[in-house]
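Notes for the one structure printed next.
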There are 2 protein chains.
Amino acid sequence: MAATARTRLQQAAVDLFGERGFDSTTAAEIAARAGVTERTFFRHFADKREVLFDGQAVLLEALLTGIETGARDAPPLDILFHAFRSVCPLLEANRPFSEPRQAVISATPSLQERELAKMAALAEALAQALRTRGIPEDRARLAARIGMAVLADVTLAWLSETGPSLRDRLDRAEQDLKALI
Amino acid sequence: MAATARTRLQQAAVDLFGERGFDSTTAAEIAARAGVTERTFFRHFADKREVLFDGQAVLLEALLTGIETGARDAPPLDILFHAFRSVCPLLEANRPFSEPRQAVISATPSLQERELAKMAALAEALAQALRTRGIPEDRARLAARIGMAVLADVTLAWLSETGPSLRDRLDRAEQDLKALI
DNA sequence: GTCCCCCTTGTCAGTGACTGACATTGGGAT
DNA sequence: ATCCCAATGTCAGTCACTGACAAGGGGGAC
C-alpha cells in the first residue's frame, strides 16, 4: 500500500468535505487526517479548492486524441461530439469517484467557480485542437465553447439523476442542438 | 458631490488595481483611499473581488426586457440575439468604465473565475426568461449558455481590440453560429 | 426643541488560507 | 561510506474575512 501523501490528502479531503462541508473543513484538518502537515498540503495543491480538481489532465488527453481520430473534414461540432462519445467509457468508469465529488461541488459556490474556470480552460484547449485541424480561429473557439457547455450540462444531469446513459444523453443533446437552429 | 462610500470604494479599487495589480492591493489600502475602514469595505462587498462586479444587475434587467419584447414565437437563439442587440447602447455607454475594469480582470486569474461565475448566473437567468416564454427547459438552458458564450466572446473582443462596433460584431457572430450547424 | 430610532461606520479580537525561509531526514546513486 | 536531492517539518508572518459591541448623526414623532 503506502499511498503517496498526495493521494492520501485527496482522499482525506473528499471524506471530510462530505462529512462537514467544504467551508467547515480546514486545510490543517485535512493534512492531519492524511498524516502530514498543513504546509505539505499547500505544497501539493495550490489552494484548498484545487485538491478536488486533479483529474482534468487525463480527461483533456482523452479528448484531444478523440479529436485527432475524428473524420478528416467534418464540421467542428461533429468532431467534438465524436470526441465526447470517445471519452464516455472513461467518465463512466470514474463515476464512483465523480459522484461524491460533484455533490460537494454542487453544495459549495466557491467550488463551482473553480469548476467553471477549469471548464473554460478545457474549452480553450479544445479550441486549440480544432485550430490545428484547420478550423479558423473564431469558429473553433465558438464551437469549443458550445461543445463544453453541452458536455457540462449533460454530465451534470447524468451524475445527479438516474436515467439514460451518458452516451444516450449526448446523442439527445446533439439532436436538441441541431433543432435549435 | 459627496459620493457614497460604496461608490468611492469602487473607484478606489479600480484605480489601485490598475496601478499595482489586484494581488498587490490590500482591502485596507482600498478602504483607506476611500476614506473608510477595512471593515466598511467588507460590509459593502462580500469579498475583495466583488467590488468589481456591480453592474451585472442593470445588464440583467435590460436583457430580460429585451427578451420580453422579442417576436412571439421566434426560435430561442433569435430571441436572445434580439435581446443582445437591445443592450448594445447600454454597453457602448459603459465602455469607459468597462475597459479598465476588463484590463484588470484579464490580468488576474481569480477575477476571471469570478467573471465566469457571474456569466453562468446570467445565463441561468436568461434560461429562466426563455422558459417563461414557452421554451422547454432543456432547450432554454442550452440556448442560454450558447448565447452567453457568444456574448462574452464578442464583448471581450470588442473591449480589447479596436474595430467593428459591438452591434456589427454581434451580427457577424450570429452568422458564424448559423454556419456552424 | 427634544427624544428616539435606525442606519452607517468605527473598533477590536479572532480564525483560517497561504507564503517564505530555513532545518531535517531518508533513501539512491556513486 | 558519502553525497545528494526530494519531500517534509517548523516557524513566523501577511492578509482576507467575520462577529460583537460601541459611537455618531440625521430624520421623524411628539
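Heavy-atom basis, side chains included; hydrogens, waters and symmetry copies ignored. Every chain is numbered from 1, with letters handed out A, B, ... down the list of sequences.
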Whole-Å distance between C:dG16 P and A:Phe41 CZ?
15 Å
Would you verify whether the NZ or CZ of B:Arg101 falls within 45 degrees of the ring axis of B:Phe53 while also being under 6.0 Å from that six-membered ring's centre?
yes
Checking salt bridge (charged side-chain N to carboxylate O under 4.0 Å, His left out) against B:Arg169, which of B:Glu174, B:Glu92, B:Glu161 comes through?
B:Glu161
Could you check which of C:dC18, D:dC17, D:dG9 has an atom nearest any side-chain atom of B:Glu38?
D:dC17
Is it true that the NZ or CZ of A:Arg95 lies under 6.0 Å from the centre of A:Trp158's six-membered ring and within 45 degrees of the ring axis?
yes
Quick check for you: among C:dT9, C:dC18, D:dG9, whose closest atom lies nearest to any side-chain atom of A:Thr37?
D:dG9
Among D:dG19, D:dT10, C:dT9, the one nearest B:Arg39 by side-chain distance:
D:dG19
Under 4.0 Å, heavy atoms only, any strand: does B:Thr25 hit a base, just the sugar-phosphate, or nothing?
sugar-phosphate
5'-most contact on DNA chain C: A:Arg43 or B:Ala5, nearest heavy atom basis?
B:Ala5
Give a yes/no verdict on a cation-pi contact between A:Lys48 and A:Phe22, requiring under 6.0 Å between NZ or CZ and the six-membered ring centre and an angle within 45° of the axis.
yes
Between D:dT14 (C1') and B:Glu29 (CD): distance, integer Å:
12 Å
From CG of B:Leu9 over to C1' of C:dT8, roughly how many Å is that when rounded to an integer?
13 Å
When you check the phosphate oxygens OP1 and OP2 of D:dA7, does a side-chain N or O of A:Thr40 lie under 4.0 Å from one of them?
no
Rounded distance in Å - NZ (A:Lys48) to P (D:dA16)
17 Å
Strictly below 4.0 Å, N to O, side chains only: are B:Glu124 and B:Arg131 in salt-bridge contact?
yes
Protein-nucleotide distance (A:Phe45, atom CZ; C:dT19, atom C1'), rounded to Å:
18 Å
Mind calculating the distance between CD1 (A:Ile30) and C1' (C:dA17) to the nearest angstrom?
11 Å
Within the 4.0 Å heavy-atom criterion, would you say B:Thr26 contacts the bases, only the backbone, or no part of the nucleic acid?
sugar-phosphate
Treating B:Ser165 as the side-chain partner and B:Asp168 as the backbone partner, does any N or O pair qualify as donor plus acceptor under 3.5 Å?
yes
Side-chain N or O of A:His44 closer than 4.0 Å to phosphate OP1/OP2 of D:dT8
yes
Global bending angle along the helix from C:dG1-D:dC30 to C:dT30-D:dA1, which compares the axes of five pairs at either end, to 10 degrees
10°
Rounded to whole Å, CZ of A:Arg114 lies from P of C:dA17 at a distance of 14 Å
Spacing between B:Asp47 atom CG and D:dC15 atom P, to the nearest angstrom
17 Å
Go through the side-chain N and O atoms of B:Arg8 and B:Gln11 and say whether any donor and acceptor fall under 3.5 Å apart.
no
